[in-house]
Amino acid sequence: MSTHKFQTEVNQLLHLIIHSLYSHKEIFLRELVSNSSDALDKLKFLTLTDEAYKSVDFAPRIDISFTEGEKPTLTIADTGIGMNEAELVENLGTIARSGTRSFIEKLTGDSKKDSNLIGQFGVGFYSSFMVADSVEVTTRKAGEEKAFRWTSDGKGEFEIAGAERDTHGTTVTLHLNENGKEFAGRWRIDGIIKKYSNHIPFPIFLHFDETVYDEKGKAKKETERKTEQVNSASAIWKRSRNELKEEDYYEFYRSIGHDSEDPMLYIHTHAEGTLDYTTLFYVPKKAPMDMFYADYRAGVKLYVKRVFITDDDKELMPVYLRFLRGIIDSEDLPLNVSREILQQNSILRKIRTTSVKKVLGELEKLAENREKYDEFWKEYGRPMKEGLYQDYENRETLLKLARFKSTKVEGLTSLQEYEIRMTPDQKAIYYITGENEKNLRNSPLLEMYRAKDIEVLVLDEELDEIIIPSIGKYKEFELKSVNRSDAAEDLKTESDREKEKAVEPLIKRIKDALGERVKEVKASTRLSGSPSCIVADQNDPTVQMQAMLKSLGKGDLPDFKPILEINPTHPIVEKLRDMKDGEPFNEVSLLLLEQAMLVEGMKLENPADFVKRLNNVLDRSI
Ligand code: ADP
């Protein structure tokens, strides 16, 4: 016998599960059955493809039994692949995925908040400790002789010892605690299996004692041992759409999506012709917890002729659609298709291409319902925007699907709707980027657009800085960043230009005063209430993008200097024209630059100097 310690993160996870998943404790059974089903899938695949496993007797089934009384137990046994000693230590003692680890770090320790988070998360085997004082796992790997028993009370350690098991597979026995004893009952188990695991494609048998009645309906003393299959065990995706009810789809989702909620959307397709395949995709109501981790868990499983191949291939669908859950089942792929081949397999590529179009098409339909689509966008707007950048082929559809905040509407708008609101001679779509919506809405950069009644999209996500400029155009309309120097050019009138020309000598004097601090000083009629603003040169990154690149560790960026724009009609600027060269003039010029930087959310290099200048100017004016 050997004693092992759980990895630290396992202890954290155990603690969290026990303290925060309280109200959902029945999901432990879903997780254990799902593990058994995976183990059966794995063995099925090997017996079909690997010579070494050809002689293994594959008789797939999951058996659930329980004992009532003082010390109730619940046992889940499968005839799946099983585990050897090393795998037991690895699989039931550590958490391999770094996404899961960082998820745990994110939890607050506040059990109410955490239970919302953790509810959306596949908690797996460890959830059995919610309902059990101790857990025993007896397992024998297919093709191997030795069996092992893993035991733990979930308090830091587990033990492994040699054991006996007649056949390959795994038996998990829970010694139920006070919270768990309700699960040692026929109807409770039956209900949970039907709710979460009805469409697991292997039979699940429940063993129970039934009281025997005599002809008069009186209970006889003795009971009879009975076994009943409790799930329907069909590959639901293979059935025709009109045979299935919404509840069938939802039921299946709850098992493969590890989710207690119903999905937002499901998309079921049977394709026949050049390629034969079936897909069933779901959009969960809430975004999966690991959506923004690099090692997120792939949500789509690949089957070939109903045989499970993999649930760990992120290439099955594009990265931006990583929130999808579901299955792809192909009739054309060979069973022993290797992982390397999967990556460049032309059949899979075709399935992927048509599936993406199908999913986007369904999302367009969803978009006809504003309320529902807003919900969708709230959860998945970010990955969908990544799609604009990654999926050139579907960019047009993705642009139609994109939603933005804007200066003219409450809530979100599409580009189609923006187009309808455009002013008669407006030739471009304008947007402003930055990190804080409120600051953006108050930015002096918007003054001219407001004055001319032109709508500006308000993009306040970091990602927008990279993605939106890469789009270029929507229909014939160029997308122009208000944060850049040339965006306003095409909106200016003759009289605007005349006003700008009139202050040219002043502009030159300000430039001399500011020297190397700016790239250029320009007159600009884009402002009305503010005397000045800064913008980025056409090809330079904007202030926000520079900040983002720095946060990504690109500290060696050259210094991009801003362009200072001066409002020729502002009273301060008009007065400045009459001021002689000298220190007071220089100070005001600098303040025009510094206030514009502050409004853009930039840090001043030397705030003390700024305050001194401000005080000098105040002193002179009071
Ligand atoms: P997950 O199933 O999400 O990977 P779990 O904590 O539920 O996480 O299980 C960890 C691992 O233990 C599984 O990935 C699998 O390798 C192994 N395992 C769990 N249950 C079984 C079982 N019944 N048969 C074989 N292996 C199992």
Side-chain angles (χ1 to χ4, degrees), residues 4 6-7 9-14 16-18 21 27-47 53 56 58 60-64 74-101 103-104 118 120-132 135-144 147-152 154 158 160 163 165 167-174 196-197 200 202 204 255-259 288-290 293 295-299 301 308 310-312 325:
H4 306 254
F6 285 124
Q7 185 191 31
E9 285 88 349
V10 174
N11 287 323
Q12 286 169 310
L13 183 63
L14 277 167
L16 284 164
I17 289 173
I18 292 167
L21 259 187
I27 60 147
F28 81 92
L29 191 54
R30 172 190 79 196
E31 299 295 318
L32 294 180
V33 168
S34 155
N35 281 347
S36 287
S37 170
D38 291 348
L40 289 164
D41 268 331
K42 281 181 199 155
L43 184 59
K44 180 175 178 187
F45 175 72
L46 288 172
T47 54
Y53 287 85
V56 169
F58 182 60
R61 57 186 288 152
I62 298 170
D63 287 276
I64 303 181
L74 178 63
T75 299
I76 295 101
D78 64 64
T79 51
I81 179 95
M83 288 174 269
N84 58 29
E85 190 172 9
E87 286 165 338
L88 264 180
V89 175
E90 171 71 23
N91 295 340
L92 303 186
T94 64
I95 297 173
R97 219 172 272 271
S98 66
T100 312
R101 288 207 301 272
F103 165 79
I104 295 168
I118 211 165
Q120 308 160 32
F121 183 72
V123 281
F125 170 78
Y126 301 112
S127 62
S128 36
F129 287 100
M130 280 190 294
V131 295
V135 178
E136 265 169 53
V137 180
T138 310
T139 180
R140 192 175 121 196
K141 179 137 191 186
E144 296 183 15
F148 297 92
R149 176 168 299 129
W150 178 106
T151 20
S152 177
F158 59 91
I160 294 183
R165 200 179 192 283
T167 57
H168 57 83
T170 302
T171 305
V172 179
T173 299
L174 310 182
Y196 293 108
S197 314
I200 294 268
F202 304 105
I204 302 173
S255 97
I256 64 158
H258 295 267
D259 196 346
M289 279 312 304
D290 59 357
Y293 295 127
D295 71 341
Y296 66 91
R297 188 182 284 232
K301 302 179 188 227
F308 170 79
T310 176
D311 60 1
D312 193 23
R325 298 289 174 259

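One-based numbering, in listed order, for ligands and for the atoms of each. Counting from 1, the numbers follow the sequence of the chain as shown.
A heavy-atom distance below 4.5 Å is not found between the side chains of Leu40 and Phe308. For the pair Arg325/Pro288, a side-chain contact is recorded, criterion being any heavy-atom separation below 4.5 Å from C-beta on.
Nearest heavy atom pair, residue Thr138 against residue Ala163, reads CG2-CB, 4.1 Å. Annotation for Ile62 and Ser36: closest pair CD1-CB, 3.7 Å, computed over non-hydrogen atoms. Minimum interatomic distance between Val10 and Ile95 (heavy atoms only, all atoms of both residues): CG2-CG1, 3.8 Å.
Applying the side chain to side chain donor-acceptor pair (under 3.5 Å) criterion to Asn84, with sequence neighbours excluded, gives no partner residue.
The distance from ligand 1 to the heavy atoms of Phe125 drops below 4.0 Å at these ligand atoms: 5 (P), 6 (O), 7 (O).
Nearest to atom 26 (N) of ligand 1 by heavy atom, out of Arg297, Glu87, Met83, is Met83. If you check each of Leu43, Thr79, Asp78, Asn35 against atom 2 (O) of ligand 1, the one with the closest non-hydrogen atom is Asn35. For atom 25 (C) of ligand 1, the nearest non-hydrogen atom from the set Ala39, Ser34, Ser128 belongs to Ala39. Scanning Ser37, Gly124, Gly80 for the heavy atom closest to atom 8 (O) of ligand 1 points to Gly124.
Ring orientation note: the planes of Phe158 and Trp150 are close to parallel, at an angle under 30° on the 30°/60° scale.
Only side-chain heavy atoms of Leu92 come within less than 4.0 Å of ligand 1; its backbone N, CA, C and O stay farther off. Using a 4.0 Å cut-off between heavy atoms, Thr170 contacts ligand 1 through its side chain alone, with no backbone atom that close. Heavy atoms of Lys141 found under 4.0 angstrom from ligand 1: none, in either backbone or side chain.
Distances between N or O atoms of Asn91 and those of ligand 1 include at least one value under 3.5 Å.
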